[in-house]
There are 2 protein chains.
Amino acid sequence: MKTVSRVLNHEPNVSEETRRRVEEAVARLQYRPNPSARTLAGRRSYLVAMLYDNPSSNYLMEVELGVLDACQSQHYNMMLAPLVYDAKDIVAKVEVLVVQSRVDGVVLTPPITDDQALLRRLDELGVPYASVSPKEENRRIGVIVDERRAAAEIVGHLASLGHTRIAHIKGHPAHGASGWRLEGYREGLARAGLRYEPALVVDGEFSYDSGYVATNALLDLARPPTAIFAANDDMAAGAICAICERGLSVPRDVSVCGFDDTPIARHIYPALTTVRQPTREMGRLAALELLKAIRKPGSGGMVEVPYTLQLRRSTGPAPA
Amino acid sequence: MKTVSRVLNHEPNVSEETRRRVEEAVARLQYRPNPSARTLAGRRSYLVAMLYDNPSSNYLMEVELGVLDACQSQHYNMMLAPLVYDAKDIVAKVEVLVVQSRVDGVVLTPPITDDQALLRRLDELGVPYASVSPKEENRRIGVIVDERRAAAEIVGHLASLGHTRIAHIKGHPAHGASGWRLEGYREGLARAGLRYEPALVVDGEFSYDSGYVATNALLDLARPPTAIFAANDDMAAGAICAICERGLSVPRDVSVCGFDDTPIARHIYPALTTVRQPTREMGRLAALELLKAIRKPGSGGMVEVPYTLQLRRSTGPAPA
DNA sequence: CTGAAAGCGCTAACAC
DNA sequence: GTGTTAGCGCTTTCAG
């Protein structure tokens with residue numbers, strides 16, 4: 001019996017001959033190990049959890065699918081753990097999860113990626129974790145995009161269209177992405193030889209409504225911008241709405257671009273110029289690195305994936 | 001020990017006093033039963049799977065959250081089973097799932113709700129299932145909305161605005177919803193005393209692009225419609241794009257309405273008049289009925305949930 | 001390299 | 001109403 005167990009778990013100390021015979025029998029009998037018995041007896045659960053906040057976004061659905069891809073390919077199960085990110089009980093919740101479900105590892109998505117208390121506790125518990133787009137500080141295992149460079153590039157695109165007054169709507173302050181995109185904005189401006197003007201940078205929080213509000217503030221300026229770089233697509237959609245409501249036209253009067261390339265980018269009119277992140281692939285790669293670390297502690301690392309600029313109809317030449 | 005087990009599983013034959021004391025101890029010790037041990041010893045897995053196709057929609061993400069709500073509240077786990085709905089290997093895939101993961105039940109979403117071969121096999125295996133918006137034929141356990149009445153009502157709204165040439169873009173033929181919405185369209189027309197005109201009904205498949213294409217066909221008609229009822233929001237968004245591209249305005253020249261009230265409905269310009277389904281609640285209720293059936297075979301039923309009309313800016317008076 | 005023995009934490013079946 | 005006993009199907013430990 002133990003020999004069969006060894007073969008199934010790819011453990012050493014089985015003769016080639018025995019291994020072959022076991023495998024033949026497994027195939028013939030269509031034998032499938034019982035996951036619960038494995039979990040109960042062993043110390044692995046073959047289960048990883050995906051922790052996330054803000055459940056209703058397309059972004060997360062994509063990441064989730066990627067994580068699922070990776071797990072299924074390695075005969076792991078995935079469980080979902082939506083958490084309300086308010087930093088109070090989050091550590092306790094995760095503890096319950098780890099203790100009760102005995103998860104072998106977790107995938108973190110922003111902004112949970114950057115909860116220091118949680119990361120510390122996970123380290124203490126010895127639970128490996130992979131992060132999707134974490135802030136600089138905990139770059140250990142996971143996947144990342146050079147968002148700063150992407151933002152600089154899209155701002156460069158705006159500048160190349162002749163825009164000189166380019167505004168930026170910031171993202172939610174708890175997300176690392178907001179910082180990178182702002183830095184990229186400034187970098188893009190600098191490269192194009194444009195001056196950074198604080199009045200053209202307004203707060204947002206990644207929601208449609210915040211984009212709408214922020215844009216109205218920008219359009220009320222004595223010298224309003226001719227282009228707006230919103231830190232994500234939802235806010236860009238809100239910006240377009242605010243612009244249209246004033247009887248202005250996108251991109252004739254104001255150009256707008258976003259970030260993420262969620263489905264909404266293609267579904268609004270005019271279609272949005274934005275930065276595409278390979279979200280599903282990111283989930284897959286993060287999970288794959290996590291699984292490496294689960295198998296062999298210390299292995300797994302940070303992988304960087306490429307972005308692509310999606311030039312569509314929401315950006316055009318600066319008005320004369 | 002067994003007494004504790006009884007309390008935790010809400011089984012009968014425990015005195016109120018004992019039950020209370022056990023619960024107190026559970027709370028004090030933060031005791032959490034081990035799912036694997038339960039599964040191994042008992043015949044239940046405390047696991048339900050959600051089967052779905054077409055993973056990248058907001059609709060599914062919402063349903064998923066609802067199912068998760070219900071499962072968590074009853075200490076069940078949920079697993080995701082994305083399936084490519086092409087009716088060939090779907091039965092085999094589900095068999096593996098049921099046999100290997102020993103799921104106690106499954107939640108079905110359209111169009112998987114209506115795969116007769118799958119339903120038959122599930123019945124044979126004795127695996128209970130709940131369906132979200134299934135076609136008439138398998139109304140056993142699940143949740144449903146009176147989509148037909150909703151469609152009739154929204155068409156009535158269009159008629160009350162003075163529209164007499166109201167077009168309809170149909171949904172994907174494999175979905176029961178497409179049929180109901182078409183019926184509702186005809187019913188709404190009839191009630192308003194308007195004639196049903198086959199030329200004003202065009203095919204779609206629930207995608208943005210199909211709505212765009214369909215709308216162009218409608219606008220090319222000798223006598224184009226002044227209002228379009230698209231069978232879902234994505235197609236309505238495509239319709240708005242097609243209309244805007246011709247230099248026409250929504251709702252001044254053409255009114256547009258959709259169905260579902262997904263986030264895109266609020267995020268496009270102008271915001272979409274549509275029918276809101278309580279999607280998350282539907283997932284929750286479907287799962288709850290499933291859990292009833294798991295606990296007590298034969299119980300659980302079909303529950304109907306209310307819809308609400310969301311009147312927004314994409315519909316207005318018929319042009320003079 | 002192989003296998004026997006002893007559980008993992010729970011529930012089913014059956015006493016009491 | 002409550003407790004006892006015997007596993008569920010594996011992995012661990014340790015002896016051969």
Side-chain angles (χ1 to χ4, degrees), chain A residues 1-47 74-77 79 95-105 125-127 294-297, chain B residues 1-48 71 74-77 96-105 126-127 291 294-297:
Chain A
M1 186 166 174
K2 177 61 209 184
T3 301
V4 174
S5 171
R6 274 193 271 263
V7 173
L8 262 53
N9 291 300
H10 305 101
E11 284 169 27
N13 298 333
V14 183
S15 76
E16 207 38 66
E17 159 68 0
T18 311
R19 187 178 298 275
R20 207 190 42 66
R21 282 169 49 216
V22 169
E23 275 162 357
E24 189 273 325
V26 164
R28 187 161 40 77
L29 302 170
Q30 290 228 300
Y31 171 80
R32 296 280 175 276
N34 179 319
S36 300
R38 265 149 91 106
T39 306
L40 186 57
R43 61 168 80 89
R44 295 189 295 290
S45 66
Y46 299 93
L47 219 204
Q74 316 241 340
H75 302 288
Y76 262 71
N77 283 120
M79 75 179 286
E95 256 167 2
V96 168
L97 192 86
V98 169
V99 172
Q100 181 166 351
S101 302
R102 289 172 165 60
V103 294
D104 290 341
L125 291 165
V127 175
I294 288 173
R295 291 237 167 68
K296 185 161 172 291
Chain B
M1 185 166 174
K2 178 61 205 184
T3 300
V4 174
S5 171
R6 273 192 272 262
V7 172
L8 264 53
N9 291 300
H10 305 100
E11 283 169 28
N13 298 333
V14 183
S15 76
E16 207 37 65
E17 157 70 3
T18 312
R19 186 178 299 274
R20 207 189 41 65
R21 281 168 52 216
V22 170
E23 274 162 357
E24 188 273 326
V26 164
R28 186 162 40 77
L29 303 171
Q30 292 225 302
Y31 170 79
R32 297 281 175 277
N34 179 318
S36 299
R38 268 147 85 105
T39 307
L40 187 56
R43 59 170 75 91
R44 296 191 294 290
S45 65
Y46 297 92
L47 218 205
V48 315
C71 289
Q74 317 241 338
H75 303 289
Y76 263 70
N77 283 120
V96 168
L97 192 86
V98 170
V99 172
Q100 185 162 350
S101 302
R102 290 170 166 63
V103 294
D104 290 340
V127 175
L291 293 176
I294 288 173
R295 292 235 167 70
K296 184 162 171 292

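Below, all heavy atoms of this structure are taken into account, side chains as well, without hydrogens, waters or symmetry copies. Proteins get letters first, then strands, A, B, ... in listed order; numbering begins at 1 in each.
If you check D:dG9, D:dG7, D:dG1 against the side chain of B:Thr18, the one that comes closest is D:dG1. Comparing D:dT2, C:dT2, D:dC10 by their nearest atom to the side chain of A:Val14 picks out C:dT2.
Between atom NE2 of residue B:His10 and atom CZ of residue B:Arg19 there is a gap of 7.5 Å, rounded to the nearest 0.5 Å.
When the P atom of C:dT11 is taken as reference, atom CD of B:Glu11 falls 8 Å away, rounded to whole Å. Whole-Å rounding puts the A:Asn34 CG to C:dG9 C1' distance at 14 Å. Separating the CZ atom of B:Arg21 from the C1' atom of D:dG1 is a distance of 12 Å, rounded to the nearest angstrom. Distance CZ (A:Arg38) to C1' (D:dG9): 11 Å, rounded to an integer number of Å. Protein atom CG of A:Leu40 is 9 Å distant from nucleotide atom P of C:dC10, rounded to whole Å. Spacing between atom CD of B:Glu16 and atom C1' of D:dG1 amounts to 13 Å, rounded to whole angstrom units. Note: CZ (A:Arg19) to P (C:dG3) measures 14 Å, nearest angstrom. Nucleotide D:dG1 holds its C1' atom 18 Å from the NE2 atom of B:His10, rounded to whole Å.
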Atom pairs under 3.5 Å: protein N/O with N/O of nucleotides 13-16 of chain D:
none

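Under the 4.0 Å criterion applied to side-chain N and carboxylate O atoms, A:Arg21 and A:Glu24 are not assigned as salt-bridge partners. Ion pair A:Glu23/A:Arg20 not flagged as a salt bridge, since none of the NZ, NE, NH1 or NH2 atoms sits closer than 4.0 Å to an Asp/Glu carboxylate oxygen.
Taking 4.0 angstrom as the limit, B:Thr3 places a side-chain polar atom (N or O) nearer than this to OP1 or OP2 of D:dG3. Put simply, B:Asn9 has a side-chain N or O that comes within less than 4.0 Å of OP1 or OP2 on C:dT11. At D:dT11, none of the side-chain N or O atoms of A:Tyr46 fall inside 4.0 Å of OP1 or OP2 (strictly under the cut-off). Checking the phosphate oxygens (OP1, OP2) of C:dT11, a side-chain nitrogen or oxygen of B:Ser5 falls inside 4.0 Å.
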* Asked: Going through the distances and angles, do B:Arg38 and B:Asn9 end up as a side chain to side chain contact (heavy atoms under 4.5 Å, CB included)?
  -> CA-CA 11 Å; B:Arg38 268 147 85 105; B:Asn9 291 300; 3.8 Å; yes
* List the steps and the verdict of side chain to side chain contact (heavy atoms under 4.5 Å, CB included) for A:Asn34 and B:Arg102. => CA-CA 9 Å; A:Asn34 179 319; B:Arg102 290 170 166 63; 3.7 Å; yes
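Nucleic acid contact for A:Ser36: none, since no nucleic acid atom lies under 4.0 Å from a heavy atom of the residue. At a threshold of 4.0 angstrom between heavy atoms, the contacts of A:Asn13 include nucleobase atoms, whether or not backbone atoms are also involved. Contacts of A:Thr39 with the nucleic acid, taken as non-hydrogen atoms under 4.0 Å apart, are absent.
Annotation for B:Cys71 and B:Asn77: closest pair SG-O, 4.3 Å, computed over non-hydrogen atoms.
The backbone N or O of A:Ser45 lies less than 3.5 Å from a partner atom in the side chain of A:Asp104, making a donor-acceptor pair.
Sequence order on DNA chain D of the closest nucleotides to B:Ala37 and B:Met1 puts B:Met1 first from the 5' end.
Remark: B:Glu11 CD is packed, more than 12 non-hydrogen atoms of other residues, nucleotides or ligands lying under 6.0 Å away.
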